[in-house]
Each structure stands twice: as C-alpha cells, then as structure tokens.
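By convention in this document, chain letters (A, B, ...) are assigned in the order of the sequence lines, proteins followed by strands, and residues within each chain are numbered from 1. Quick caveat, the model's predicted, so the values are computed rather than measured.
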2 protein chains.
Amino acid sequence: MQDKTTKQTARSARGQAISADLIAVVIAVTNGEPRVLTIGQAGALPSGPFEFGHRSLQSGLRAWVERQTGHRLGYIEQLYTFADRDRIGDERMQRVISISYLGLTREEQAERSPMHGWQGWYNYFPWEDHRAGVPLMLPDVVMPRLRAWADEADNPYTRHDRWQRVAIAFGLDDRDWNEELALQRYELLYEAALVAEAVRSLNTGGASPIPGRPMIADHRRILATGIARLRTKIKYRPVVFELMPPIFTLLQLQRTVEALAGRLVHKQNFRRLIEQQDLVEETGETMSDTGGRPAKRFRFRQTVLAERTAAGTKLPLSRA
Amino acid sequence: MQDKTTKQTARSARGQAISADLIAVVIAVTNGEPRVLTIGQAGALPSGPFEFGHRSLQSGLRAWVERQTGHRLGYIEQLYTFADRDRIGDERMQRVISISYLGLTREEQAERSPMHGWQGWYNYFPWEDHRAGVPLMLPDVVMPRLRAWADEADNPYTRHDRWQRVAIAFGLDDRDWNEELALQRYELLYEAALVAEAVRSLNTGGASPIPGRPMIADHRRILATGIARLRTKIKYRPVVFELMPPIFTLLQLQRTVEALAGRLVHKQNFRRLIEQQDLVEETGETMSDTGGRPAKRFRFRQTVLAERTAAGTKLPLSRA
DNA sequence: CATAATTATACTCATCTGGAGCATAATAGA
DNA sequence: TCTATTATGCTCCAGATGAGTATAATTATG
C-alpha cells in the first residue's frame with residue numbers, strides 16, 4: 001500500500017525530460033597565482049551536457065574538460081547542483097540541472113593546447129586578494145556602495161539585516177576578514193547589483209559594476225563556490241599537494257597556500273604545522289636560487305594520504 | 001570562435017533526455033534517539049522526480065516529502081548528486097540523476113499522518129552506536145568478516161590496502177573511533193558484500209549479511225551520507241538546534257548531540273563549550289522532573305545564527 | 001526523616017595548540 | 001666586508017581542551 005505510493009510517484013518521474021550540464025572549476029597555482037581554467041574569451045568555465053554515453057558524472061566531466069581544453073583532470077570533487085528557473089534551452093523552455101565540480105591540477109600539463117586559458121582567479125574577484133593588505137577597492141568602492149544598498153531599503157529591519165550581512169561577510173567592525181566567505185560575498189554583491197551579471201539579468205540600469213571580470217551565466221558564482229570550498233578544505237585535508245610539483249620547498253608550499261587563501265601566513269608557524277603533521281619528507285637536496293640561504297627540498301608523503309583523508313574536528317568527547 | 005565551441009556543446013545537450021530524482025534524508029531526535037523519516041515499509045526514503053512545475057530543487061523536495069509523509073521541512077541542505085548506471089526507467093533504459101538532501105526537524109509536527117514512519121537510524125547502522133561502548137557485533141561479527149575479506153584478496157598489496165582501509169575506518173590498532181566515517185564504513189561493508197544491498201546486487205550468494213536493516217536501491221548509502229555529514233557539521237555549525245524544542249535543558253541538548261555522534265560527551269566540558277560560545281540563554285525557569293537537582297532551562301539565541309553561520313578553521317595566519 | 005541515588009554546576013589542573021617574535025644560519029650581491 | 005634576503009630553530013604566552021574533584025539541590029526509598 002505504502003509501497004505503491006512510492007512506485008507511482010517514481011513512475012511519473014520518467015515522463016519529464018530535462019537535461020544536465022556538467023561544469024568544471026579547475027584550479028592550478030603557478031608563480032604564486034591561483035588560476036582557473038577557462039574557455040572562450042575567458043568568460044566561461046569548461047562545461048557540457050551529461051550524455052547517455054558517459055559512465056558517470058565524473059567521467060562525463062573529465063571528457064568535456066579534456067575535449068574543450070586538452071587538459072586531463074586528476075583530483076576532482078563535487079561542488080553543488082542547482083536548477084535555476086532562468087536556465088533555458090534553445091527553442092522551447094526546458095529545465096537544465098547544473099552539476100558543478102572542483103578540480104585540482106598542476107598547470108604545466110597540456111599547456112600547449114590553444115583552446116584554453118588559465119586566468120588568475122583574482123581577476124574575477126579582485127576584492128578577495130588580501131595578501132598585500134586590504135585591497136583599496138574595498139574601502140574606496142565596494143563598502144560605500146554596499147552601505148548605500150543597505151540604506152536604500154525602506155524597511156528598517158531590512159536595512160539592519162542587510163548591513164549585518166555585509167559586516168559579517170566583509171569582516172567589518174571588530175570582526176576578522178574570513179577568506180572562506182568568498183561565496184557569500186559574491187552573492188551579496190550580486191544581490192546589491194554591484195556585479196555585471198546582476199546588472200545584466202536584473203536589468204538594473206544606471207549603476208556601473210565594481211571592478212572584477214564577469215563570466216557568462218552563473219559561472220562566476222560557481223567559481224566563487226569552488227574558491228570558498230577550496231579555502232575551507234585546505235585547512236583540514238592535504239589537498240594543496242594536488243597543486244604542487246613533486247618536489248618543492250616549504251616556502252613554495254606556503255606561497256601556494258597563501259595564494260589560495262588570499263592572505264599571508266606566519267612562516268615559522270606554517271613550517272611547524274606542516275612538519276609536525278608528517279605531511280612531507282626531505283629529499284636531501286637543497287635549492288639555492290632562492291635569493292638567500294638555500295632551502296631544503298621536500299616531497300609529499302603519499303603514505304599519509306589514506307590516514308589524513310579521515311580527519312575530525314572538535315567535540316568535548318570522553319575517552320571512557 | 002571559441003565562444004562558438006561553447007554554445008555548440010551546450011546545444012547538443014538539450015537533445016539528451018534524462019530525469020532527476022530528489023531524495024530526502026530527514027532527521028529528528030526524540031528521547032535521545034536519532035530517527036529518519038521513511039516511507040513504505042520503512043525501507044525507503046521520501047523521494048520523487050524533479051518536475052517541471054517545481055520552482056527549484058529544494059522546493060521540489062519539500063513538495064515530495066510533504067506529499068509522501070505529511071511532514072513540512074524546515075532546514076535543508078544538499079548532500080550529493082550521482083548518476084548510476086544501474087538506475088533504470090520503466091520500459092526503456094533511461095538515465096536517472098539522484099539529488100539528495102539532508103533535512104533537520106523536530107519529530108512532533110505532523111506526527112499523525114499514517115503514511116510515514118520515523119525509524120531509529122541505528123536500526124540501519126547498528127555498528128554506529130558507541131554510546132554504550134563498542135557494539136558487540138563489531139568484534140564478534142563485523143571485524144572477523146572484514147578480516148576474511150581482506151585476506152581473500154590474491155594480491156598482497158590489495159590485502160594490505162583493504163586491511164588498512166578497514167583499520168582506519170573502524171579505528172583499529174591505536175587509532176580512535178571516528179564517528180564521522182560512517183559513510184566510509186558503510187561503503188567498506190558494501191564492498192566486502194557484508195550488507196544485504198551488496199549481496200542483492202552483486203549476487204554474491206552464500207554469506208548472510210551482518211545485522212542492520214537494509215533499504216531499497218541505494219537509500220541506505222544516502223542515509224549514511226547524511227549521517228556522516230551531520231556528524232561532521234554539528235561540530236562547527238549550530239545545527240543541533242534545528243532538532244531541539246524551543247526550550248531545553250543542557251542535558252537534553254547533550255543527549256541530542258550524543259545521539260547523533262553515537263558517542264558520549266564529557267558533561268562539564270560540554271556545558272563550558274556551549275556557554276562560552278553564547279549559543280544559549282537562560283529562560284529563568286527550571287525543570288525539576290529530571291530525577292535530580294532541577295536544571296535551568298535554556299533557549300537558543302537566534303542572534304548568533306547569522307554570525308556563527310560563518311565559522312572558520314585553522315591556518316597559521318598572521319594578523320599583520 | 002535520614003540516607004542513597006541522581007542530576008546540576010562550579011572549579012581546578014595539566015596539556016596541547018596556535019599566534020608572535022627573537023636569534024642564528026647560509027647565501028648572493030654590492 | 002657589509003647588507004639584504006631567505007631558511008630554520010626555539011621560546012613565550014594565552015586560550016582551548018580533556019579530565020577529574022567538590023558541592024548543591026532534588027527525588028526515591030527504607
């Protein structure tokens with residue numbers, strides 16, 4: 001009886017025809033700059049429809065990225081799935097589900113292919129790079145306009161709510177800047193119609209967008225999702241190594257982390273953290289063209305991968 | 001030129017017809033027992049196809065859960081999206097994408113509807129409840145069979161790899177039990193064909209499954225995904241409160257956390273943690289039918305929700 | 001009513017961890 | 001040789017965390 005309910009509903013499902021798009025946020029870090037793999041005029045992420053022939057979502061994604069950019073993906077993980085109303089097919093309106101993935105690689109491979117481009121991700125999010133201090137555009141351009149946006153609300157509660165969200169996302173008052181909130185910041189800027197995509201779709205004429213390169217459809221939002229995820233993840237899983245060459249110095253590793261986080265790290269403490277976790281081992285060689293004392297070279301200890309994949313966070317557990 | 005490439009591939013997408021299923025893992029905690037909302041003979045999760053009329057994936061999911069169980073969802077978050085080969089339509093083979101969500105609620109509401117059932121989640125995963133110590137079935141049944149599974153591999157590397165994965169997932173040797181690895185454990189048990197679903201689909205005759213109620217298709221795996229996600233999340237976001245009544249004592253809160261984590265918590269430290277984070281405030285009343293000294297009653301401070309939604313983990317940052 | 005059992009709370013203590021900064025070492029370049 | 005720059009080793013301190021001790025306030029029981 002109850003089983004029937006289930007089956008019937010499931011059956012009606014098959015009638016609806018929809019399509020699914022696979023979208024990839026592929027990241028690499030070169031010369032201390034995080035980059036994202038793009039296609040077209042660097043205004044789009046590699047993507048393509050999930051097809052019948054694909055063995056799985058992942059393999060479909062790999063196929064599309066390879067076809068469009070010549071780049072072969074290594075590590076990938078799912079980001080998010082959504083189905084917006086405004087995503088429309090060609091002739092008739094048709095529902096499209098977008099399934100996005102985050103991929104990590106080293107840039108070098110397949111660098112030759114002409115159909116792809118690695119773009120510094122801070123071109124799309126200039127307000128996210130705090131390595132050289134707070135970007136001037138924040139106090140000079142972004143904050144005033146967000147302030148104005150908050151104030152323009154009729155309802156005082158809305159005003160307060162808007163401003164509080166801004167304060168949290170951008171670390172105002174005595175709050176710290178939290179690099180993990182990249183997505184929330186982009187969404188706020190979109191809501192406030194300060195990014196080109198919002199002006200475009202909301203048709204909010206007049207105001208010009210703040211600096212930062214736009215992308216087609218919602219690709220920039222997807223990129224922001226990937227950045228936020230990666231910034232969170234590097235803190236509890238050794239994923240940075242997916243972006244590193246086989247051999248590296250601790251400073252190179254540090255620069256990579258800083259590039260991703262968009263902020264600086266305390267050098268000595270960074271080394272302590274890495275070493276005490278047994279994440280790396282010395283190769284024995286040193287590297288001397290560092291401009292100072294030669295640095296020891298390290299390699300990632302594959303061994304820990306299995307163990308560290310499992311992490312764990314805090315709870316006042318009892319051992320008994 | 002490159003833009004064309006994008007558009008063309010996007011276009012070819014529309015031809016493929018696939019369907020998408022929405023699947024819900026809805027959790028509540030009653031009397032210190034975590035429960036999941038099921039339909040049918042308690043062997044399935046609420047689910048249904050994503051339809052053209054649905055405003056979004058989320059609203060489609062809410063509609064299905066409400067129709068099938070009479071339960072109105074509050075907090076929900078996306079879990080995972082997958083597209084298995086073996087998921088087949090009625091007549092012809094058709095691709096189905098499954099999009100799963102985690103929902104948190106209080107059981108009370110709509111308790112009356114006859115078409116639904118709240119099932120203790122440890123019925124499905126008896127090896128996951130370590131509140132009363134390590135379940136006997138682990139040393140008595142599960143571990144020996146996992147050991148045998150590891151040993152039956154021809155390749156010594158495979159043997160070692162299998163056993164290492166088991167050791168990590170189940171906290172052997174000097175490792176701690178990590179409650180967050182619920183999904184990995186289920187997947188290992190599936191791989192070793194120790195759960196009914198695996199025996200069913202792999203057609204591995206003979207061996208009987210270990211204790212633990214099975215579900216249809218991959219619903220139990222999805223449930224495991226939800227459990228793992230929730231166990232991880234309660235540690236850095238105040239989501240537990242979605243499961244609590246408006247007013248509660250600290251012990252009730254603790255019992256809820258313990259129910260989810262499947263392990264005990266140090267009482268004094270738990271209170272310290274909660275209080276120092278300003279997550280709750282006293283109502284002024286006390287509750288005296290606790291069997292001992294009356295307990296103060298608390299309520300969740302909605303105020304912190306906005307702030308705490310943003311969290312942050314560790315990195316040796318520098319403030320300069 | 002006295003005592004036991006049970007739950008609530010307040011504190012103390014020993015570690016561990018993370019943020020900062022000082023000091024020294026080892027090179028290249030002026 | 002002196003200076004600038006990067007690499008490394010160590011120390012300090014404060015706050016967070018795991019455990020355990022000591023009371024307080026009720027209910028259940030004999």
Review point. Could you give all pairs that pass the salt bridge (Lys or Arg N to Asp or Glu O under 4.0 Å) test and reach residues 247-257 of chain A, with sequence neighbours left out?
Key: A/Arg255-A/Glu258
**Study point:** Donor-acceptor pair, side chain of A/Thr232 and main chain of A/Glu180, under 3.5 angstrom
**Key:** no
Practice item. Show the numbers, then the answer: is there a side-chain contact (heavy atoms from CB on, under 4.5 Å) between A/Val25 and A/Ile27? Key: CA-CA 6 Å; A/Val25 176; A/Ile27 305 294; 3.8 Å; yes
Review point. So what does the secondary structure string of DNA chain D come out as, 5' to 3', with Watson-Crick or wobble pairs under 3.5 angstrom, [ ] for crossing and | for pairs with another strand?
Key: ||||||||||||||||||||||||||||||
**Study point:** Heavy-atom check, side chain of A/Arg165 versus side chain of A/Leu188, under 4.5 Å
**Key:** yes
Point to revise | Euclidean distance, atom NZ of residue B/Lys267 to atom C1' of D/dA22 [Å, nearest integer] | key: 15 Å
Check your understanding: Taking CD from A/Glu275 and P from C/dT17, how many angstroms apart are they, rounded to a whole number?
Key -> 16 Å
Study note, to complete from the structure: With sequence neighbours left out, the residues meeting ring pair (Phe, Tyr, Trp, His ring centres under 6.0 Å) with A/Trp127 are A/Phe125
Can you tabulate the close N/O pairs, meaning under 3.5 Å, that link protein atoms to atoms of nucleotides 13-15 of chain C?
none

Which atom pairs, one a donor and one an acceptor, fall under 3.5 Å between side chains of residues 222-230 of chain B and the rest of the protein, sequence neighbours left out?
from, atom 1, to, atom 2, distance (Å)
B/Thr225, OG1, B/Arg221, O, 2.9
B/Arg229, NE, B/Glu77, OE2, 2.8
B/Arg229, NH2, B/Gln78, O, 2.5

Review point. Under 3.5 Å, is there an N or O donor on one side and an acceptor on the other linking the side chain of A/His266 and the base of C/dG18?
Key: no
Point to revise | Shortest non-hydrogen separation from B/Val265 to B/Gln254 and the atoms involved | key: O-NE2, 3.3 Å
Practice item. Treat primed atoms plus P, OP1 and OP2 as sugar-phosphate and everything else as base, then score nucleotides 23-30 of chain D 5' to 3': B for base contact with protein heavy atoms under 4.0 Å, S for sugar-phosphate contact only, - for none. Key: -BBB----
Revision key, fill the gap. Here the distance between atom P of C/dT17 and atom NZ of A/Lys235, to the nearest Å, is 19 Å
**Study point:** Atom-pair distance (CZ on B/Phe270; P on C/dA8), nearest Å
**Key:** 12 Å
Exercise for review: Examine the base of D/dT17 for any acceptor or donor lying under 3.5 Å from a partner atom in the side chain of B/Gln268, and report the outcome as yes or no.
Suggested key: no
Point to revise | Heavy-atom side-chain contact between A/Leu279 and A/Arg301 under 4.5 Å | key: no
Point to revise | Any N/O donor-acceptor pair, A/Asn269 side-chain to C/dG19 base, under 3.5 Å | key: yes
Check your understanding: Honestly, is A/Arg131 close enough over A/Trp177, meaning NZ or CZ under 6.0 Å from the six-membered ring centre and within 45° of the axis?
Key -> no
Exercise for review: Starting at atom CE of A/Met287, determine the distance to atom C1' of C/dA26, rounded to an integer number of angstrom.
Suggested key: 15 Å
Exercise for review: Taking the side chain as every heavy atom from C-beta outward, state whether B/Asp129 and B/Trp121 have any pair of such atoms under 4.5 Å apart.
Suggested key: no
Practice item. Send over the distance from A/Leu251 CG to C/dA25 C1', rounded to a whole Å. Key: 16 Å
Check your understanding: Rounding to a whole Å, what distance do you find between A/Ile274:CD1 and C/dG18:P?
Key -> 12 Å
Point to revise | Lys/Arg N to Asp/Glu carboxylate O, B/Glu179 vs B/Arg263, below 4.0 Å | key: yes
Check your understanding: Roughly how many Å is it from CZ in B/Arg271 to P in C/dT9, rounded to a whole number?
Key -> 4 Å
